[in-house]
Amino acid sequence: MYRKTLFLTLSLFVGLCAVQARGVLPYRDASLPVSDRVSDLLGRMTLQEKIGQLRCVLAWDYYDILNRRKVEPSASFKQAVADSHIGMLWATYRADPWTRKTLGNGLNPRLAALCGNALQRYVVEHTRLGIPLFLAEEAPHGHMAIGTTVFPTGLGMAATFDRDVIRRAGSVIAREMRLQGAHISYGPVIDLCREPRWSRVEENMGEDPVLAGDIAAAEVEGLGGGDLSKPYATLPTLKHFIGYGTTEGGHNGAPTCLGQREIRQFFLPPFRTAIKAGALSVMTSYNSLDGVPSTMDDGYLKGVLRQEWGFKGFIVSDLYSVDGIAVNHRVACDLTEAAAMALNAGVDVDLGGRSYAHLEEALQRGLTTQAVIDTACARVLRMKFEMGLFEHPYVDPAKAVAGVRTPDNVGVAREVALKSVTLLKNNGVLPLARNLKVVLVGPNADNVYNMLGDYTAPQDAGNVKTVLDGLRRYLPDSQLSYVKGCAIRDTTANGIAAAVAAARQADVVVACVGGSSARDFKTSYQATGAATVGAAILSDMESGEGYDRATLGLLGLQDRLLRELKETGRPLVVVYIEGRPLLKNWPAEHADALLTAYYPGQEGGDAIADVLFGAYNPAGRLPISVPRAVGQLPVFYNKKAVAQSYVEMSGQPLYAFGYGLSYTTFRYSNLHITQRGPQQFDVSFDVTNTGSRDGDDVPQLYLRDEVASVAQPVMQLRAFDRRFIRAGVTEHFVFHIGPEQLSIVGRDMREMVEPGDFTVMVGPSSDHIALRERFAVK
């Protein structure tokens with residue numbers, strides 16, 4: 001063993017000598033192993049240069065645009081490089097009211113590519129070691145930059161129950177980012193959501209760990225799958241670790257009250273699934289768990305991520321969440337101590353960079369060590385080498401212009417939107433005939449930004465299709481009229497009478513209601529970018545980061561609008577465009593048809609119209625349960641005991657997880673369970689399209705562990721598929737069940753498979769089980 005080690009050491013020494021003899025520093029030699037290049041570069045760096053690599057700073061003011069033709073580094077950027085040796089930038093291309101970047105003063109794709117090149121060129125040519133920058137960008141449902149393709153938000157992506165289309169969406173996002181010079185994509189967001197009052201539900205992929213994990217994994221695969229050598233691969237960052245979506249009172253960043261077993265059984269699996277798919281970065285969350293802020297919880301950051309899962313990527317804080325250890329949670333006396341706590345717990349990068357600016361002081365005070373700093377820096381440098389940034393730091397602006405928001409990319413966004421639309425009720429009024437006279441009403445019928453959700457850049461005129469735009473593709477002006485009726489929240493602009501009058505002249509009414517995450521330039525924002533509730537100007541915004549709700553009903557005059565429209569006697573179709581599952585009790589009882597489209601993105605209006613007129617047969621499924629009342633919360637399908645009824649109402653949700661209707665019907669039959677090994681089973685069954693229309697079906701397989709050593713859910717999704725089935729045709733499905741699907745988190749907090757009986761349940765939703773059978777694990 002000694003001789004082998006000595007030989008390898010001598011070989012490496014000889015190799016490095018040969019490189020240096022050629023006049024090339026080892027870390028710049030692409031022929032050397034990445035580990036050797038990292039080691040060489042790390043050995044040449046000062047402490048200040050290492051700390052600079054661990055600070056990801058806000059960068060939308062780090063450039064100057066000259067005559068909309070040229071981009072140069074700003075004076076503030078040059079000063080930051082000189083003073084702080086910064087190596088990672090965040091939101092350089094971001095444009096929104098918080099950054100005060102608009103279509104007029106922000107970066108379009110060409111300017112973005114020029115900007116990235118200018119910033120890279122400056123650090124490569126004006127710093128001692130020429131280490132290229134990492135550019136991190138928000139990309140939860142498309143790159144948050146001007147001119148990019150906007151997809152449905154996370155709930156809409158999950159509602160597709162379609163891995164393939166989300167994988168293609170990830171590929172679009174990655175390509176558009178890399179063409180503009182960005183490298184790190186913040187997303188997917190996979191906080192398990194059991195609290196619909198929380199402001200950020202829209203960003204996430206629902207209440208179920210298997211659905212969220214599989215859809216996130218598909219997106220990660222599209223984003224590059226962890227192979228940074230691919231020309232358009234990004235470095236996906238999973239948000240937020242851990243338990244962020246189930247906080248006290250639904251407040252953003254409030255404490256999370258969950259036991260370790262609950263975290264391990266439900267909240268950690270989506271992250272593990274996405275990491276297996278290639279996610280290379282994980283972002284911490286603002287909340288605390290059992291009194292420990294997530295951004296300094298080494299039990300999860302080191303114990304779970306590093307030791308149990310073998311995660312090799314780097315961990316980044318959420319914006320200023322390291323500061324929050326001292327400022328919000330108050331478990332550190334100052335930012336220096338907070339920085340040491342986060343770094344020692346495993347947080348490699350400080351997003352915002354204010355606390356890690358104190359790391360040199362933390363080292364002097366003995367709060368951390370040089371080895372901890374070196375380890376974090378090495379993780380960041382390794383990713384830069386693997387992505388090839390030292391060899392190829394620049395991009396071609398012409399390719400950015402040609403390759404961003406192409407017709408093909410927009411086509412993928414259209415497909416995601418179509419597959420996300422979820423039909424909740426239909427008494428036969430849908431699909432609409434094209435000879436009808438239709439009146440379109442509601443605050444979300446023709447509002448561009450209300451279609452898009454939070455984390456969206458300003459949009460070029462005509463890029464976003466509203467529902468009115470979509471209906472105009474099917475009906476001439478003589479058959480289509482539009483009256484807004486009311487706003488989302490503002491009660492001063494009352495057009496209900498006009499809407500009712502128009503409804504009386506129509507054959508059918510389509511009402512688009514719901515919520516909005518549309519930011520505006522009159523709203524004030526916190527340092528983290530979250531909107532401030534209670535602004536003097538009453539915008540439509542009732543969802544999106546910072547906009548937590550105490551109730552879940554429609555705001556403003558929307559309820560009144562629906563009720564008065566119903567009184568006209570005309571058939572009423574209600575479309576919810578929303579960021580969270582709003583209460584739908586009244587339309588569930590009184591409307592003739594009810595749909596939700598979540599925030600469907602730039603192609604949402606056309607997608608909704610295609611569903612309304614039957615050009616597309618809907619098959620979206622609810623990724624999160626729709627409650628009957630706030631007093632039910634939390635209400636989710638995979639509880640550990642059957643929900644009891646209340647005095648006032650049922651304990652069950654109004655619409656359950658996995659629910660969604662179609663314009664055709666399906667029959668399930670021929671369930672068979674075949675054992676392939678001690679803990680290996682195949683579950684097969686048939687689905688027949690018994691209706692007159694072609695369409696997709698979404699079979700879902702649930703398991704119940706009948707007797708276990710710790711309490712288990714009454715049912716848990718373990719597999720799903722989405723498949724197109726022609727009318728009259730039968731499709732055969734086979735789902736595999738193995739140890740991963742059978743395991744529980746035992747009393748010792750270890751995953752294990754216990755012998756005993758399991759029940760297989762197969763059907764189109766969690767509350768509509770068509771087939772069931774029991775099998776034994778011995």
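On a predicted model such as this, the values are computed, not experimentally measured, just so you know. As a basis for the values below, the full set of heavy atoms in this structure was taken, side chains included, without hydrogen atoms, waters or symmetry mates.
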Participant: Are Phe735 and Phe720, when compared by the centres of their aromatic rings, separated by less than 6.0 Å?
Facilitator: no
Participant: Tell me if a side-chain donor or acceptor on Thr284 pairs with a main-chain N or O of Ser294 at a distance below 3.5 Å.
Facilitator: no
Participant: Taking Pro196's backbone N and O only, do any of them form a donor-acceptor pair with Arg580's side chain (distance below 3.5 Å, no angle check)?
Facilitator: yes
Participant: Does NZ or CZ of Lys639 lie under 6.0 Å from the centre of the six-membered ring of Phe657, at an angle within 45° of the ring axis?
Facilitator: no
Participant: Let me know which of Asp696, Asp697, Asp162 forms a salt bridge (charged side-chain N to carboxylate O under 4.0 Å, His left out) with Arg621.
Facilitator: Asp697
Participant: Salt bridge or not for Glu221 and Arg167, using N-O below 4.0 Å?
Facilitator: yes
Participant: Salt bridge check: are Glu262 and Arg264 linked by an N-O gap of less than 4.0 Å?
Facilitator: no
Participant: Hey, are Thr665 and Thr690 close enough side-chain-wise for a donor-acceptor pair under 3.5 Å?
Facilitator: yes
Participant: Just jot down the side chain to side chain contact (heavy atoms under 4.5 Å, CB included) partners of Val710, sequence neighbours excluded, or say none.
Facilitator: Arg261, Gln712, Ile744, Arg747
Participant: Report the residues that fulfil salt bridge (Lys or Arg N to Asp or Glu O under 4.0 Å) with Glu195, sequence neighbours left out, ordered by chain and then residue number.
Facilitator: Arg197
Participant: With sequence neighbours left out, write down each residue that passes side chain to side chain donor-acceptor pair (under 3.5 Å) with Asp694, or none if nothing qualifies.
Facilitator: Arg726
Participant: With Arg194 as the cation and Phe636 as the aromatic partner, state whether NZ or CZ is under 6.0 Å from the six-membered ring centre and within 45° of the axis.
Facilitator: yes
Participant: Does a donor on one side chain sit under 3.5 Å from an acceptor on the other, for Tyr637 and Gln716?
Facilitator: yes
Participant: Quick one: list whatever passes side chain to side chain donor-acceptor pair (under 3.5 Å) with Lys312, sequence neighbours left out.
Facilitator: none
Participant: Is there a side-chain hydrogen bond (donor to acceptor under 3.5 Å, both in side chains) between Asp682 and Thr674? Walk through the geometry before answering.
Facilitator: CA-CA 5 Å; Asp682 284 344; Thr674 305; over 6 Å; no
Participant: Does Arg723 have any salt bridge (Lys or Arg N to Asp or Glu O under 4.0 Å) partners at least two apart in sequence or in another chain, and if so, which?
Facilitator: Asp721, Glu731
Participant: Between Trp198 and Asn252, does the side-chain hydrogen bond (donor to acceptor under 3.5 Å, both in side chains) criterion hold? Intermediate values first, please.
Facilitator: CA-CA 6 Å; Trp198 181 45; Asn252 190 41; 3.1 Å; yes
Participant: Do Asn287 and Thr247 have side-chain N/O donor and acceptor atoms under 3.5 Å apart?
Facilitator: no
Participant: Should Gln700 and Ser766 be marked as a side-chain hydrogen bond (donor to acceptor under 3.5 Å, both in side chains) after you check the CA-CA gap, both sets of side-chain angles, and the distance that decides it?
Facilitator: CA-CA 8 Å; Gln700 302 159 41; Ser766 64; 5.9 Å; no
Participant: Any salt bridge between Asp214 and Arg163, counting N to O under 4.0 Å?
Facilitator: yes
Participant: Can any side-chain N or O of Ser285 pair as donor or acceptor with the backbone N or O of Phe241 at less than 3.5 Å?
Facilitator: yes
Participant: Where do Val220 and Ala279 come nearest, in terms of heavy atoms and distance?
Facilitator: CG1-N, 3.4 Å
Participant: Can you sort out the partners of Arg168 under salt bridge (Lys or Arg N to Asp or Glu O under 4.0 Å), two or more places apart, ordered by chain and number?
Facilitator: Asp164, Glu415
Participant: What verdict does the salt bridge (Lys or Arg N to Asp or Glu O under 4.0 Å) test give for Lys425 and Glu589, after you've listed the backbone C-alpha separation in whole Å, the side-chain angles of each residue and the deciding distance to 0.1 Å?
Facilitator: CA-CA 9 Å; Lys425 178 185 178 181; Glu589 181 177 356; over 6 Å; no
Participant: Is it the case that the side chains of Glu706 and Thr759 hold a donor-acceptor pair, with the cut-off being a distance below 3.5 Å and no angle test?
Facilitator: yes
Participant: Identify, with sequence neighbours excluded, every residue that meets side chain to side chain contact (heavy atoms under 4.5 Å, CB included) alongside Asp748.
Facilitator: Arg750
Participant: Less than 3.5 Å apart, any donor N or O on the side chain of Gln741 or His736 sitting next to an acceptor on the other?
Facilitator: no
Participant: Determine whether a donor-acceptor pair (N or O, by modelled atom type, separation under 3.5 Å) exists between the side chain of Ser662 and the backbone of Ala619.
Facilitator: no
Participant: Only pairs at least two apart or in different chains count here, so list each ring pair (Phe, Tyr, Trp, His ring centres under 6.0 Å) that has a residue in residues 754-778.
Facilitator: Phe681-Phe775, Phe758-Phe775
Participant: Side chain to side chain contact (heavy atoms under 4.5 Å, CB included) with Arg175: which residues, sequence neighbours excluded?
Facilitator: Leu179, Tyr232
Participant: For Asn426, which residues count as a side chain to side chain contact (heavy atoms under 4.5 Å, CB included) partner, sequence neighbours excluded?
Facilitator: Leu423, Val429, Leu430, Ala593, Tyr663
Participant: Any sub-3.5 Å donor-acceptor pair from Asn689's side-chain atoms to Ile725's backbone N or O?
Facilitator: yes
Participant: Treating Glu386 as the side-chain partner and Ser229 as the backbone partner, does any N or O pair qualify as donor plus acceptor under 3.5 Å?
Facilitator: no
Participant: Output all residues satisfying salt bridge (Lys or Arg N to Asp or Glu O under 4.0 Å) with Arg306, sequence neighbours left out; order by chain, then residue number.
Facilitator: Asp348
Participant: side-chain hydrogen bond (donor to acceptor under 3.5 Å, both in side chains) between Thr422 and Thr596: does it pass, once the steps are laid out?
Facilitator: CA-CA 5 Å; Thr422 306; Thr596 179; over 6 Å; no
Participant: Should Glu578 and Lys584 count as an ion pair when the cut-off is N to O under 4.0 Å?
Facilitator: yes
Participant: Among residues at least two apart in sequence or on other chains, which ones pass ring-ring contact (aromatic ring centres under 6.0 Å, His included) with Phe314?
Facilitator: none
Participant: Would you kindly say whether Ser543 and Glu202 are connected by a side-chain donor-acceptor distance under 3.5 Å?
Facilitator: yes
Participant: Less than 6.0 angstrom separating the ring centers of Phe271 and Trp309, yes or no?
Facilitator: no
